[in-house]
Amino acid sequence: MTDLTLRYDWTLDEVQSLYDLPFMELLYRAHTVHKSVFDPNEIQFSSLMSIKTGGCPEDCGYCPQSAHHGTDLEKERLVEIEKVMEQAVAAKDRGATRFCMGAAWKNPNSRDFPMVLEMIRSVKQIGMECCVTLGSLDEDQTRALKDAGLDYYNHNLDTSREHYEKIITTRKFQDRLDTLEKVRDAGINVCCGGILGLGEGESDRSALLMELANMGEHPGSVPINLLVRVKGTPLENADKIDPFIFVRTVAVARIMMPNSYVRLSAGRESMDEATQALCFFAGANSVFFGEKLLTTPNVQSANDMDLLSRLDLKPQAPQAQTQDVARDEPVSGQADRAVGAE
Ligand code: SAM
Ligand code: DTB
Ligand code: SF4
């Protein structure tokens, strides 16, 4: 029988042993978990928009939006709400069920924050799920976001605790965990994942997944990004990782966090279709759909539709999605809660 017990006490050795399984065995196990919780032929579509671009005071080594790096990015102010709604409606028409907005902030400022709350309320009004990523938050801000109707807050751990300070020096790994706790306490679903290809080692990847799964409640969404190497960032020449390591990471995440949506996030544009198909088999069941991520290109929508059709994958209908998919209850009685269980 497939073990679907939700665990929060993974050790590094256990995670490493999953990574070290023979590739086919790992994929078989991950797919078995995936199939017992989700419909493996359904993919959730999220759409992404940058609402405040560039000029960020943080020095994240991967990010084109950091003011510390010499990228060619044009710095912009907070966009108008009309523009947001134009894009949200267009995303909904293309089949996206969640609209995600990102801001290049260390934390939201008091001038712009009320406008972001208004954007959230408006996105909710057209019947979409809403996610934002705005940097660190205090309790008043998490409460206000919850009151505005926010469904998910994205705040990534990015890499292991050990590797973190080689990538970012303007904040600590613990700061991220603190914000995540406030988000959870406010009753907002957590979207939290990482990036592969930051020059990390094997044990850093295991440690990242261990941190994500041991947080106290599994994140409802786990985005796994492949570094988009942007000219002018310190990581522009980072070594490419073996695509099968990426697939293994998706599979291990699926086994460790059976009820979470695992999102194949940034980096699909540089990934071949067969690798993406393996990721879907290994348990990835969400993607960013639309031609742009925040500042870099995503896969062309027509190519995505074509791939999905060749793989017999269909977009998940809005009503099929549950809130709080990874909330804390044990998985017994899972058929009641799981999405598309067979
Ligand atoms: N400033 C906020 C923050 O960092 O929390 C929100 C926006 S930030 C751009 C959101 C996430 O995008 C980061 O946490 C990181 O995981 C991801 N990201 C940024 N640049 C990336 C890149 N070049 N490749 C892959 N993922 C990237
Ligand atoms: C996440 O994990 N990936 C998205 C979203 N959360 C906000 C961001 C990807 C950004 C890729 C680089 C860019 O387009 O600027
Ligand atoms: Fe700023 Fe976020 Fe980019 Fe870091 S990842 S530089 S915090 S926008």
Side-chain angles (χ1 to χ4, degrees), residues 46-69 71-76 98-109 112 116 130-137 141 152-159 163-164 167-173 175-180 183 190-200 208 212 219-238 240-241 246 253 261-271 284 286-299:
S46 293
S47 178
L48 193 53
M49 177 180 186
S50 179
I51 55 168
K52 157 69 186 77
T53 304
C56 183
E58 305 266 34
D59 69 352
C60 313
Y62 47 76
C63 186
Q65 304 201 64
S66 167
H68 297 258
H69 318 320
T71 53
D72 298 333
L73 199 69
E74 213 41 65
K75 186 178 156 187
E76 287 167 25
R98 187 177 307 165
F99 193 67
C100 311
M101 295 178 275
W105 285 328
K106 183 177 179 66
N107 43 251
N109 62 60
D112 290 337
V116 176
C130 188
C131 176
V132 294
T133 178
L134 314 170
S136 305
L137 300 175
Q141 290 167 328
Y152 282 84
Y153 193 75
N154 169 246
H155 201 63
N156 290 338
L157 291 181
D158 285 335
T159 188
H163 197 55
Y164 204 76
I167 304 297
I168 302 150
T169 70
T170 49
R171 59 170 187 257
K172 299 256 174 302
F173 190 83
D175 299 335
R176 298 299 264 189
L177 292 173
D178 293 347
T179 291
L180 288 164
V183 169
V190 166
C191 169
C192 182
I195 310 179
L196 301 193
L198 301 178
E200 75 282 352
L208 167 67
L212 291 170
S221 272
V222 181
I224 315 237
N225 297 277
L226 176 65
L227 175 70
V228 181
R229 298 181 305 164
V230 180
K231 194 163 160 275
T233 63
L235 286 163
E236 68 171 307
N237 295 315
K240 286 191 182 164
I241 65 159
F246 192 93
Y261 279 79
V262 175
R263 181 170 313 116
L264 183 50
S265 303
R268 281 197 305 123
E269 225 241 332
S270 67
M271 214 178 265
S286 170
V287 291
F288 284 121
F289 184 63
E291 291 167 11
K292 202 163 172 201
L293 292 166
L294 290 173
T295 67
T296 64
N298 193 18
V299 180

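Remember, it's 1-based here, ligands and their atoms both numbered in the order they're listed.
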For this session: May I ask you to list the protein N, O or S atoms found at less than 2.8 Å from atom 3 (Fe) of ligand 3?
Result: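 Atoms qualifying: C63 SG.
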For this session: Run through ligand 2 for me and note each protein residue having a heavy atom under 4.0 Å from it, chain first, then residue number.
Result: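 Answer by chain and number: L48, P64, T133, N154, N156, P223, N225, A266, F288, L293, L294, T295, T296.
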Can you tell me how far apart [atom1] ([X]) and [atom2] ([Y]) are? Round to the nearest 0.5 Å.
| X | Y | atom1 | atom2 | answer |
| --- | --- | --- | --- | --- |
| T233 | L73 | OG1 | CG | 11.5 Å |
| N237 | K231 | CG | NZ | 10.5 Å |
| K52 | D112 | NZ | CG | 8.5 Å |
| Y152 | C130 | OH | SG | 12.0 Å |

Exercise. For R98 and S286, does a side-chain donor sit closer than 3.5 Å to a side-chain acceptor?
Worked result: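 Their side chains do not contain a donor-acceptor pair, so the 3.5 Å distance test is not met.
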Problem set entry | D158 side chain to Y62 side chain, donor-acceptor N/O pair below 3.5 angstrom |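 Indeed, the side chains of D158 and Y62 share at least one donor-acceptor pair under 3.5 Å.
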For this session: May I ask whether R171 places a heavy atom under 4.0 Å from ligand 3?
Result: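 Contact check R171 vs ligand 3: positive.
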Donor-acceptor check, side chain of [X] to backbone of [Y], threshold 3.5 angstrom: yes or no?
| X | Y | result |
| --- | --- | --- |
| R229 | A238 | yes |
| N156 | G193 | yes |
| N225 | S265 | no |
| Y261 | C191 | no |

Exercise. Under 4.5 Å between any side-chain heavy atoms of N298 and R268, yes or no?
Worked result: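 Yes, close enough: below the 4.5 Å cut-off.
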For this session: For residues L157 and R176, report the shortest heavy-atom separation together with the two atoms involved.
Result: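 Reported closest heavy-atom pair: CD2-CB, 3.8 Å.
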For this session: Over all heavy atoms of both residues, which pair between I167 and L198 is shortest? Give the atoms and the distance, please.
Result: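 Taking I167 first and L198 second, the nearest heavy atoms are CD1-O, 3.5 Å.
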Exercise. Got a sec, which pairs hit salt bridge (charged side-chain N to carboxylate O under 4.0 Å, His left out) with one end in residues 53-65, sequence neighbours left out?
Worked result: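 Sorted pair list: E58-K106, E58-R171.
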Return a table of N or O atom pairs, ligand 1 on one side and protein on the other, at distances under 3.5 Å, rounded to 0.1 Å.
| residue | atom | partner | partner atom | Å |
| --- | --- | --- | --- | --- |
| ligand 1 | 1 (N) | A103 | O | 3.2 |
| ligand 1 | 1 (N) | W105 | O | 3.2 |
| ligand 1 | 5 (O) | R176 | NH1 | 3.2 |
| ligand 1 | 5 (O) | R176 | NH2 | 3.0 |
| ligand 1 | 16 (O) | N156 | ND2 | 2.9 |
| ligand 1 | 16 (O) | D158 | OD1 | 2.7 |
| ligand 1 | 23 (N) | Y62 | O | 3.0 |
| ligand 1 | 23 (N) | V228 | O | 3.0 |
| ligand 1 | 24 (N) | V228 | N | 3.0 |

Problem set entry | Distance flag for atom 7 (S) of ligand 3, protein heavy atom under 4.0 Å |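 There is a protein heavy atom less than 4.0 Å from atom 7 (S) of ligand 3.
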